[in-house]
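Bear in mind the structure is a predicted one, so any value in this text is a computation, not a measurement. Residue numbers begin at 1 in each chain, while the letters A, B, ... track the order of the sequences.
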Amino acid sequence: MAERYEDSYLYRLRHSAAHLLAQAVTELYPGAKLSIGPPIENGFYYDIEFPEPLREEDLPALEAKMKELAKLDQRIERSEVSREDARALILDSSIPCMGSEVAEYKLQLLDAVPEGEKISFYNQQRTDREGVQHRFLDLCRGPHVDSTKEIKAFKLMSIAGAYWRGDVKNKQLTRIYGTAFETKEELEAHLEMIEEAKRRDHRILGRELGLFMFSPRVGVGLPLWLPKGAQLRMTMIDFLNKEQMRRGYLPVVTPHLGNAKLWDVSGHTIAYKDKMFPFMVDDEKETFILKPMNCPFHIEIYRSSLRSYRDLPVRLAEMGTVYRYEQSGEVAGIMRARGFTQDDAHLFVRPDQLVEEFTLVVDLIQAVLSKLGLQNFRARVGTKDPNSDKYIGHDENWELATNAIFEACQAKGLDYEVSPGDAAFYGPKLDIVIKDALGRDWQMGTVQVDYNLPERFELEYIGEDSKPHRPIMIHRAPFGSLERMIGLLTEQYAGAFPFWLSPVQIAILPIADRHNEKAHELFVRLRDEFGYRCEVDDRRETLGKKIRDNQMQKVPYMLILGDKDIEAGTVGVRSREEGDLGAMSLEELVKSTVS
RNA sequence: GCCUCAGUAGCUCAGCGGUAGAGCACUUCAUUGGUAAUGAAGAGGUCACGGGUUCGAUUCCCGUCUGAGGCUCCA
């Protein structure tokens with residue numbers, strides 16, 4: 001079994017690098033208040049309150065100071081002390097980096113150490129050749145490496161603001177991000193990997209491949225889909241619709257806005273208000289809102305007829321475009337837009353169907369992820385945070401719902417982690433989390449169990465006993481959103497989508513003008529007889545130029561058409577991955593090659 | 001919303017107190033080409049926007065907008 005990162009030498013090294021950073025900060029910026037500095041997935045950070053704002057151009061000097069301090073070969077030593085002694089140390093202004101002026105956060109951290117737990121400090125010190133004393137002492141659980149000289153390969157990456165203890169109400173500290181590795185080679189490789197990831201950034205590829213664009217004249221976070229991106233969406237929608245039809249889903253279509261009263265009933269106008277676009281009040285004094293979710297509309301459709309227990313489950317599906325007023329700093333290209341389309345559906349089920357229906361949804365999600373070629377995902381069960389009051393509904397229903405999710409995951413052999421506080425405000429959920437090229441987590445598919453909206457909207461079905469009963473709702477979106485999924489897939493494949501997804505599957509390249517007519521005939525055949533998405537590149541350019549351009553557009557196949565081919569009744573086939581495949585007939589091409 | 005950074009031609013970027021430059025893309029001309037860029041010419045910019053400093057601002061300062069990386073929040 002592999003060693004856990006938390007137990008590794010690298011983890012200790014990065015933790016010590018964070019201390020080294022803090023030591024450099026205290027020497028260069030007296031009065032800086034230290035808070036916390038942990039190792040993280042790809043490096044470390046330290047959160048610090050500076051007397052003057054720190055700027056990015058200050059980082060090289062800090063890095064140089066760190067190098068100098070590292071070379072001093074300061075021994076890093078642990079000591080355990082009593083709570084009283086810890087307090088005294090933190091307030092001892094004779095120690096560099098300590099003293100009452102800079103103790104604010106360290107004292108709070110000390111108070112947060114649970115009673116009975118050991119309190120430890122890590123100390124590193126050395127007098128340099130000029131006789132200057134260097135010392136750094138930090139309240140810290142550890143562990144660390146033995147000496148600062150082990151910290152050789154590191155780099156300070158960036159500066160960011162971060163709220164003390166992650167709470168917006170607190171002061172914002174300056175977070176310095178850095179990374180460290182055991183060797184210079186590993187550090188270089190990591191930096192190279194980041195560069196590579198930037199090259200496959202979905203925003204860059206999205207423009208280069210003609211998938212989507214943004215215009216400030218349209219508005220923040222509102223993508224415009226270009227022909228090739230729109231084709232990609234349609235292909236994904238077709239695929240999902242077929243999967244859903246096989247599973248008994250029924251299509252519905254609902255408007256983009258509706259009467260706010262609906263959302264009063266659902267609870268959105270209260271719980272979700274700051275995420276909604278400004279309300280629209282018309283002459284009749286009716287208020288309309290742009291829908292941030294599709295649920296209330298689907299609920300109205302459910303309510304439109306009297307439902308029997310025999311009718312359930314009712315599964316209403318819609319590609320529903322919703323609008324959420326994300327804070328300006330939160331929009332992120334297509335991954336986090338203000339208008340986006342959910343592959344949404346709402347399932348109205350009897351209590352005895354809940355686990356089975358949830359299981360079928362998990363099955364659908366697994367099928368979708370597998371078809372899209374997404375293997376590296378995590379499943380996360382978001383449960384209620386017992387300390388928060390943002391949730392609605394009864395505790396016993398929350399428990400029933402949460403248990404149903406666990407049961408369904410176990411039935412489908414889906415490994416999951418539990419994340420308290422990640423539930424929706426109306427119920428617990430199962431989320432699929434996938435990393436992008438830069439290693440950032442994105443929530444993709446989601447399934448949510450909801451006892452609350454059926455209650456608020458007084459949903460009913462007539463049971464076997466001819467009495468009304470209350471259904472349970474399942475909200476689910478296997479992609480999560482089309483926008484985010486396309487962004488993720490673009491990075492995943494670096495723009496080279498699998499054949500079935502490629503906006504243009506086959507490019508036909510006539511060599512000279514006199515081949516254009518045949519090229520267009522071929523185009524029509526491939527489109528109408530075989531259903532392929534094709535393009536003819538009849539620009540007056542050389543073949544080499546056309547090949548290069550279509551290769552950069554990541555078109556899976558190019559068909560080259562010249563005198564030789566027309567005479568022989570063949571085409572020259574070139575594959576995106578394998579290059580020139582030689583001449584073949586159309587039948588050969590369709591049968592054995594294109595896929 | 002907050003912290004840091006950035007905004008020069010459609011795209012990628014250089015320049016930096018004396019009113020702008022390259023490559024690609026675009027247009028025109030020549031070339032009709034066999035597996036990753038044919039050659040030449042031309043056209044393109046209120047240097048994001050608004051103020052200020054200055055004889056003079058794309059360049060320095062302030063504000064706004066937009067984008068990026070984080071934080072908070074989320075599909």
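- Among the atoms of the strands shown, only primed sugar atoms or phosphate atoms (P, OP1, OP2) are found under 4.0 Å from some heavy atom of A:Lys429.
- Heavy atoms of A:Lys546 sit nowhere under 4.0 angstrom from any nucleic acid atom.
- Within 4.0 Å (heavy atoms only), A:Gly445 reaches no atom of the nucleic acid at all.
- Counting non-hydrogen atoms under 4.0 angstrom, A:Glu208 reaches nothing in the nucleic acid.
- Checked by distance alone, A:Arg336 brings a side-chain donor or acceptor within 3.5 Å of a matching partner on the base of B:C73.
- Residue A:Leu543 places its side chain closer to B:G34 than to any other of B:A36, B:U12, B:G34.
- For RNA chain B, the neighbouring residues in residues 158-168 of chain A, judged by any heavy atom under 4.0 Å, are A:Ile159, A:Ala160, A:Gly161, A:Ala162, A:Tyr163, A:Gly166, A:Val168.
- A:Tyr45 comes within 4.0 angstrom of nothing in the nucleic acid, heavy atoms only.
- Residue contacts for A:Met157: at a heavy-atom cut-off of 4.0 Å it reaches no nucleic acid atom on any strand shown.
- Look at CZ on A:Arg175: it is 6 Å from P on B:C71, rounded to the nearest Å.
- Atom CD1 in A:Ile511 sits roughly 13 Å away from atom P in B:A36 (whole-Å rounding).
- With sequence neighbours excluded, no residue forms a salt bridge (Lys or Arg N to Asp or Glu O under 4.0 Å) with A:Asp238.
- The base of B:U72 lies close enough to the side chain of A:Glu330 for a donor and an acceptor atom to sit less than 3.5 Å apart.
- Using a 4.0 Å cut-off, no side-chain N or O of A:Gln342 falls inside it from OP1 or OP2 of B:A75.
- In this structure A:Tyr163 satisfies the ring pair (Phe, Tyr, Trp, His ring centres under 6.0 Å) test with no other residue, sequence neighbours excluded.
- Remark: B:A6 base-pairs with B:U66. Criterion, Watson-Crick or G-U wobble with two distances under 3.5 Å.
- Across all strands shown, B:C11 pairs with B:G23; the Watson-Crick or G-U wobble distances both stay below 3.5 Å.
- Every ring pair (Phe, Tyr, Trp, His ring centres under 6.0 Å) that A:Phe297 has, sequence neighbours left out, goes to A:Trp263.
- Of the residues in residues 565-580 of chain A, those with a non-hydrogen atom less than 4.0 angstrom from any atom of RNA chain B are A:Asp565, A:Gly572, A:Arg574, A:Asp580.
- Of the residues in residues 212-221 of chain A, those with a non-hydrogen atom less than 4.0 angstrom from any atom of RNA chain B are A:Val220.
- With rounding to whole Å, A:Tyr325 atom OH is found 22 Å from B:U72 atom P.
- Between A:Thr174 and B:C3, a side-chain N or O to OP1/OP2 separation shorter than 4.0 Å is absent.
- Across all strands, A:Asp563 comes closer than 4.0 Å to base atoms (heavy-atom distances).
- Ring geometry, A:His475 versus A:His346: the interplanar angle exceeds 60°, so the pair is classed perpendicular (tilted spans 30 to 60°).
- In this structure, A:Gln327 reaches the bases: a heavy-atom distance under 4.0 Å links it to at least one base atom across the strands shown.
- A:Arg484 comes within 4.0 angstrom of a nucleotide base, judged by non-hydrogen atoms across all strands.
- A:Gly544 comes within 4.0 angstrom of the backbone, heavy atoms only, and of no base.
- Judged as a salt bridge (Lys or Arg N to Asp or Glu O under 4.0 Å), and not counting sequence neighbours, the contacts of A:Lys275 are A:Glu326.
- Evaluation of the salt bridge (Lys or Arg N to Asp or Glu O under 4.0 Å) rule for A:Asp431 yields A:Arg380, A:Lys429 as partners, not counting sequence neighbours.
- Of the side-chain N and O atoms in A:Lys545, one or more sit less than 4.0 angstrom from OP1 or OP2 of B:A25.
- Evaluation of the ring pair (Phe, Tyr, Trp, His ring centres under 6.0 Å) rule for A:Phe358 yields no partner, not counting sequence neighbours.
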I'd like a table of donor-acceptor pairs (distance under 3.5 Å, sequence neighbours excluded) in which one partner is a side-chain atom from residues 47-54 of chain A, with atom names and distances.
unit_1	atom_1	unit_2	atom_2	d
A:Asp47	OD1	A:Arg175	NE	2.7
A:Asp47	OD2	A:Arg175	NE	3.4
A:Asp47	OD2	A:Arg175	NH2	2.9
A:Glu49	OE1	A:Tyr105	OH	2.5
A:Glu49	OE2	A:Lys171	NZ	3.3

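- With sequence neighbours left out, A:Phe377 forms a ring pair (Phe, Tyr, Trp, His ring centres under 6.0 Å) with no residue at all.
- If you check residues 47-60 of chain A against RNA chain B, the residues with a heavy atom closer than 4.0 Å are A:Pro53, A:Leu54, A:Arg55, A:Glu56, listed by number.
- Applying the 4.0 Å criterion to OP1 and OP2 of B:U12, one finds that A:Arg207 has a side-chain N or O inside that range.
- Relative to the side chain of A:Ile560, the nucleotides B:U35, B:G69, B:G1 differ in distance, and B:U35 lies closest.
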